[in-house]
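In what follows, a structure is listed as structure tokens, so that the remarks can point back to it.
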Amino acid sequence: MATYDRIGATYNHTRRPDRRIGVEIHEALGDAGTVINVGAGAGSYEPPQTVLAVEPSAVMIAQRPAGSARALQASAESIPIADNSADAAMALLTVHHWTNLEAGIGELLRVARQRVVIFTWDQAIFRRFWLLDEYLPEVAAFDDTRAVLIDRLVAQLGGARVEKVLIPHDCTDGFGAAFWRRPEAYLDPEVRAGISMLAQTGEEVLLPGLTRLSSDLTSGLWHERHADLLDRETLDVGYRLLVADL
């Protein structure tokens, strides 16, 4: 809760749901008639059948749009609702913030009758992303401490299918690797404020790497080095959907 009370004040400026990713998430939910969104933040990707959003940060709840599902200020590890309260539970880009993964996954399994859907990333792939690999290794090291292994999640869920989520070059949701073909975006403080791995690492740590990135963009070196990215429409940067049928 303290993390997003601190860094989440302008979250909805740069974290606008991407329609294409939304389609994949909603397809993963299948025919679920009711959904609980755990770690819901400002409500990104909530389908119309969402009946409850669970979010610990009042700052994030305050940014939920009018007409959103009822929000309950609570943590993923202890959700004060009855067993089997909805057909599905979803947790999007949130498990890395939980203080007790086992308790949180246990709660998802408890409140859902049919399905659990988790959107996260594979750190082994993600840490090879050019921003981390070439400019911000300190951020990669920080993410190593909080990223949750895909195999661990699958085991905790009692089995799940894992689906790749390819990120479009013009992704509207400004999460960590959303700007893989728009490197200049990472020089924008507001963009960085909406990416927890950057906001939590701190500007002083980021400055040397961002200075080098700025220089490489000015000189054209970045574009020479990553010419293979410039014509690509999508990229696998490690984002994954886990779908567990109960």
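Being a predicted model, the structure only gives us computed values, none of them experimental. Just so you know, residue 1 is the first one in the sequence shown, and it goes up from there.
For residues 67-96, the pairs satisfying salt bridge (Lys or Arg N to Asp or Glu O under 4.0 Å) are D83-R110, D87-R113, with sequence neighbours left out. Residue pairs meeting the side-chain hydrogen bond (donor to acceptor under 3.5 Å, both in side chains) criterion with at least one member in residues 144-160, sequence neighbours excluded: E102-R152, Q123-D144, R127-D144, D143-R146, R146-S196, R146-Q200. Sequence neighbours left out, the pairs with a member in residues 208-220 that pass side-chain hydrogen bond (donor to acceptor under 3.5 Å, both in side chains) are Y135-D216.
The distance from atom CZ of R15 to atom CE of M60, rounded to the nearest 0.5 Å, is 8.0 Å.
Residues satisfying the salt bridge (charged side-chain N to carboxylate O under 4.0 Å, His left out) test with D170, not counting sequence neighbours, are R20. For D188, the side-chain contact (heavy atoms from CB on, under 4.5 Å) partners two or more places apart in sequence, or in a different chain, are E190, V191. Among residues two or more places apart in sequence or in another chain, the ring pair (Phe, Tyr, Trp, His ring centres under 6.0 Å) test is passed with F126 by W121, Y239. Under the side-chain contact (heavy atoms from CB on, under 4.5 Å) criterion, P48 pairs with no residue, sequence neighbours left out. For D236, the side chain to side chain donor-acceptor pair (under 3.5 Å) partners two or more places apart in sequence, or in a different chain, are R240. Applying the side-chain contact (heavy atoms from CB on, under 4.5 Å) criterion to E224, with sequence neighbours excluded, gives L221. In this structure, the side-chain contact (heavy atoms from CB on, under 4.5 Å) partners of L217, at least two apart in sequence or on a different chain, are P183, E184, L187, L213, W222, H223. Residues passing the salt bridge (charged side-chain N to carboxylate O under 4.0 Å, His left out) test with E138, sequence neighbours excluded: none. With sequence neighbours left out, F142 forms a ring pair (Phe, Tyr, Trp, His ring centres under 6.0 Å) with no residue at all.
Side chain of E55 to main chain of A71: no donor-acceptor pair is present (N/O by atom type, distance under 3.5 Å, no hydrogens or angles). Within the 3.5 Å criterion, the main-chain N or O of C171 finds a donor-acceptor partner in the side chain of R182. Although no hydrogens or angles enter the test, the distance criterion places a donor-acceptor pair under 3.5 Å between the side chain of S85 and the main chain of A82.
Applying the 6.0 Å contact sphere to CZ of R19 captures no more than 12 heavy atoms from other residues, nucleotides or ligands.
Comment: R225 engages E134 in a salt bridge, judged by a side-chain N to carboxylate O separation of less than 4.0 angstrom.
The same ILVMFWY cluster, assembled from side-chain heavy atoms under 4.5 Å apart, contains both I167 and L131.
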